[in-house]
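One-based numbering along the sequence shown. None of these values were measured; they are calculated from a predicted model. Just so you know, these numbers use all the heavy atoms, side chains as well, and skip hydrogens, waters and symmetry mates.
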Amino acid sequence: MKRKLLFIMLAYLFLWTSATLAQVSKVTGVVISEEGNEPVVGASILVKGFSQGVITNVNGEFTLTNVPNDARTLIISFVGMKTQEVAIKPQLRIIMSNDSQMLDEVIVTVAYGTAKKSSLTGAISSVNQDQIEMRPTSSVTSALEGTTSGVQINSTYGAPGSDPSIRIRGIGTVNGSSTPLYVVDGVPFGGNISDINPADIESISVLKDAASAALYGNRASNGVILISTRKGTSNKISFDLKINQGVYSRGIKEYKRTSPNQFMEASWQNLKNARMSAGDDAATAAKYASENLISEQLYLNIYNKADNALFDANGNLVSDAQILPGYADDLDWYSDAIRNGYRQEYSFSGNTANEKSNYYFSIGYLDEKGYVTNSDFNRISARTSMSFTPKKWFKAGINLSGTHQNSHATNGDSDAGYTNAFMYCRQIAPIYPVHLHNADGSYRLDALNNKQYDPGYYKDDEGVTISTRNQYVDRHVIWENELSTDKTIRNTLQAIAFADVKFLNDFTFTVKGDLNVRNSEQTSYDNATIGDGKGNNGRTKRVTYRYKNYTFQQQLNWNHVYGKHYIDVLAAHENYSNNYDYEYAFKTTETFAGKPNLSNFTDITSLTGYETDYRTESYLGRIRYNYAEKYNLEVSFRRDGSSRFSKQNRWGNFGSIGANWIISEEDFMQSLTWINSLKFRANYGQVGNDAGTGYYGYMGVARMQTSGHIIYLRTKLSI
């Protein structure tokens, strides 16, 4: 009797439990990562055996409504984490752990959003924060060098703080700029990339082909670089202090140069051949070269032999010819023009986050002494990022950043410039010293017993001009870079604000605005003693650039999960405006030496300025579809209007279509353990570049209205 009663009670309890589970029609919960106890954003929640499903919001929370009565299990999945199956309950707290076998399945930044790496249908490469931190550089894009295929980075002159030139898959423009478009936190970035402290960067994505960059339309033909800055992530307040110190030098070895003896013998042979070409026989030409090489061509004899006693009959230096001691230590121009660079960097940051808000701030200081003497760069930067989620359906935030920069260049703005240290030191004949010397090789000192630089001549005690070299007279790379200056002061301020409104579970409306203000002042001074400024009794140049640009975006996103089907739809509108103000002043004839201020010069050579405005308006959309995490399809379209073109030809259309098949996820591939990832991808896209003409190019001449208004297309089909 007791056993029968016990059996009835257990049966009743089982039926009651089943009935209770069957009555669950709404499930709410939160998904948390085991590592860091952070909310998992975008995790997929699927009712096992049914089509109902949702994804977690920015707080890791989810709500499932109308759960079928006979449903028993939820499947929770997220890339890089182990998939879980849990029993259905009215309220759930799910903790997910990392899956070491899926760490390659990461989320990357793409045009106007993010995507799983496996779902990409275009050519996109990404660099994360760890890779950036491994390279202490002034410009964050230097982290792409050697880590991203198809990207060529070149810092032409190696000047501290200079932005490197970047080419993504070669040159994408025939007659316009080949610089890629930079996008920071979702908005086009108009400043210099050196304005951004690399310590503030979370990740970088490079859109390399037309399909991946098509949503940026008429400015994407050279590729797009997407930069995401850091946000607060820690569930408790944390601080980070980084100090970098280092010494660096030029990475490329210098060319081998001829020695003084080799140069002398080659010069003798050259003069001999010239005389033979003029009609002299070999003996006469050799004698002429031995007697006249110094007086006619070189002007300077640094050896302990007389001018006409340096060579034998075959043009070789006599065996006992030696360089005078005073000259021997003064022939290395590199020793004074080039040095070891020194770099010091300090960065202090802090961040915190919770369910309602997250905060991040940073302060950085960089001081870099270039390996070319008298070149340096320093930057003070600050950034703060805040976001608030007062309601589950509303989120807002702001990102503020500012920098102050000082840079000193060496006026060597071209490979052929006389103040380019490498050009000058490489080409100056190895017999010419840095300083002036007396006939016996001793240094020729000034009235204060200081060494004097050699401009190629000097005046003796009787006022007679004595030439000391027949090359680069009145030019001296070391002396000029000591007396002349090329200084740039740059200040920047950027603000990005956004607001997200969620409604009807699957819709998100985003408004984002960006304002970027930049001011740059370049002062160049050429002294009156040596070099370019000597003929003008000194000269100075002041160039002022003022930029202001803003972006205003409105985006509507819809995404939904239907069993194994995932659909993501984007529709957006964007305005971009850029204002540029330029002023230029050039004056000559200085009053006091070494003062680059305009008021120190009396003669105005040039005084001008102008202002330009550039605007674009864009409508864009994208549809992404995924089935069973194996098959992906993406279609995008953008219509751009640019103020560079006439009203009749102002608008252009750009679009892309791409698909991929993740073959390695198929069941028939699971036995091939030696294959980690195998994907087939095909895409087609169109992008453009409206920088092939000036801001007002269509107004120039009539023929430009028929040819200059074309938006140049870059079309690629890649399989």
Side-chain angles (χ1 to χ4, degrees), residues 27 31 40-58 60-68 71 74-81 83 105-122 124 186 207 211-212 214-215 392-393 395 500-510 553-573 619-639 654-663 665-666 679-685:
V27 178
V31 181
V40 180
V41 182
S44 175
I45 314 296
L46 180 66
V47 180
K48 187 174 183 179
F50 299 88
S51 62
Q52 283 82 355
V54 295
I55 61 175
T56 56
N57 61 20
V58 292
E61 300 169 340
F62 68 91
T63 299
L64 270 169
T65 57
N66 298 323
V67 177
L74 295 181
I75 301 174
I76 298 91
S77 62
F78 187 74
V79 292
M81 292 185 170
T83 300
E105 185 65 293
V106 296
I107 299 294
V108 297
T109 303
V110 298
Y112 296 92
T114 59
K116 296 178 182 179
K117 191 174 183 180
S118 63
S119 70
L120 300 178
T121 61
I124 300 178
L207 313 185
S212 62
L215 271 183
K392 294 181 180 179
W393 53 270
K395 180 180 180 180
D500 292 340
V501 178
K502 298 181 181 295
F503 59 99
L504 300 179
N505 291 330
D506 299 325
F507 287 89
T508 303
F509 181 70
T510 300
Q553 296 176 353
Q554 309 89 45
Q555 302 179 26
L556 179 63
N557 285 273
W558 177 77
N559 54 70
H560 195 77
V561 177
Y562 298 97
K564 294 183 179 181
H565 305 271
Y566 174 76
I567 300 177
D568 181 2
V569 180
L570 165 71
H573 172 259
Y619 300 89
L620 57 124
R622 176 182 60 206
I623 300 175
R624 294 187 293 197
Y625 170 75
N626 171 277
Y627 177 74
E629 300 292 338
K630 300 177 185 178
Y631 314 101
N632 294 277
L633 176 67
E634 181 174 335
V635 179
S636 70
F637 176 79
R638 177 169 178 138
R639 181 167 174 78
F654 310 90
S656 71
I657 182 170
N660 74 38
W661 173 27
I662 308 175
I663 305 173
E665 291 298 316
E666 297 289 354
K679 179 167 66 174
F680 176 80
R681 185 185 73 206
N683 63 60
Y684 174 85

#### Entry: Residues that Y566 engages under ring-ring contact (aromatic ring centres under 6.0 Å, His included), provided they are two or more places apart
none

### Message
Run N632 and I662 through side-chain contact (heavy atoms from CB on, under 4.5 Å) and show every step you take.
### Response
CA-CA 8 Å; N632 294 277; I662 308 175; 4.0 Å; yes

### Query
A572: what forms a side chain to side chain contact (heavy atoms under 4.5 Å, CB included) with it, not counting sequence neighbours?
Q555, L570, L620

### Message
Can you see whether T510 engages D500 through a side-chain donor-acceptor pair at a distance of less than 3.5 angstrom?
### Response
yes

### Query
Partners of Y619 by side chain to side chain contact (heavy atoms under 4.5 Å, CB included), sequence neighbours excluded?
H573, E617, W651

### Query
Where do L207 and L215 land on the side-chain contact (heavy atoms from CB on, under 4.5 Å) test, with the steps shown first?
CA-CA 11 Å; L207 313 185; L215 271 183; over 6 Å; no

### Query
Which atom pair, heavy atoms only, marks the closest approach of N683 to G658?
CB-CA, 3.8 Å

### Query
Does a side-chain heavy-atom distance below 4.5 Å link L46 with L74?
no

### Task
Determine the minimum heavy-atom distance between L64 and V47, stating which atoms define it.
CD1-CG2, 4.0 Å

### Query
At their closest point, which heavy atom of E629 faces which heavy atom of E665, and how far apart are they?
O-CG, 4.2 Å

### Task
Applying side chain to side chain donor-acceptor pair (under 3.5 Å), name anything that partners K48, two or more places apart in sequence or on another chain.
E85

#### Entry: Donor-acceptor under 3.5 Å (Q553 side chain, G186 main chain)
yes

### Steps toward side-chain contact (heavy atoms from CB on, under 4.5 Å) verdict (I75, T83)
CA-CA 7 Å; I75 301 174; T83 300; 3.7 Å; yes

### Query
Excluding sequence neighbours, so at least two apart, what forms side chain to side chain donor-acceptor pair (under 3.5 Å) with N57?
none

### Non-hydrogen side-chain atoms of I76 and V40 separated by less than 4.5 Å
no

### Message
Show the nearest heavy-atom pair for residues K679 and K117, with the distance to one decimal.
### Response
NZ-O, 3.6 Å

## Note on the structure
Here the pair of heavy atoms bringing P68 nearest to F50 is CG-CD2, 3.6 Å

### Task
Applying side chain to side chain donor-acceptor pair (under 3.5 Å), name anything that partners S44, two or more places apart in sequence or on another chain.
none

### Query
Mind checking whether F507 and F503 have parallel, tilted or perpendicular rings, split at 30° and 60°?
parallel

#### Entry: Inter- and intrachain pairs under salt bridge (charged side-chain N to carboxylate O under 4.0 Å, His left out), touching residues 619-628, at least two apart
D568-R624

### Query
Can you name the residues that form a ring-ring contact (aromatic ring centres under 6.0 Å, His included) with Y627, not counting sequence neighbours?
H565

### Task
Apply side-chain contact (heavy atoms from CB on, under 4.5 Å) to the pair I55 and F62, showing each step before the final yes or no.
CA-CA 7 Å; I55 61 175; F62 68 91; over 6 Å; no

### Summary
In this structure, CG of L633 is separated from CD1 of I623 (nearest 0.5 Å) by 9.0 Å

### For T56, side chain to side chain donor-acceptor pair (under 3.5 Å) partners two or more places apart
none

## Note on the structure
Across all chains, not counting sequence neighbours, the side chain to side chain contact (heavy atoms under 4.5 Å, CB included) partners of E666 are K630, Y631, W661, F668, M669

### Task
Find the distance between OG1 (T121) and OH (Y684) and round it off to the nearest 0.5 Å.
15.0 Å

#### Entry: With sequence neighbours excluded, residues passing side chain to side chain contact (heavy atoms under 4.5 Å, CB included) with N505
none

### Task
Could you check if a side-chain atom of D506 sits within less than 4.5 angstrom of a side-chain atom of L504, using non-hydrogen atoms only?
no

### Shortest non-hydrogen contact between A111 and S212, atoms and distance
CB-O, 4.1 Å

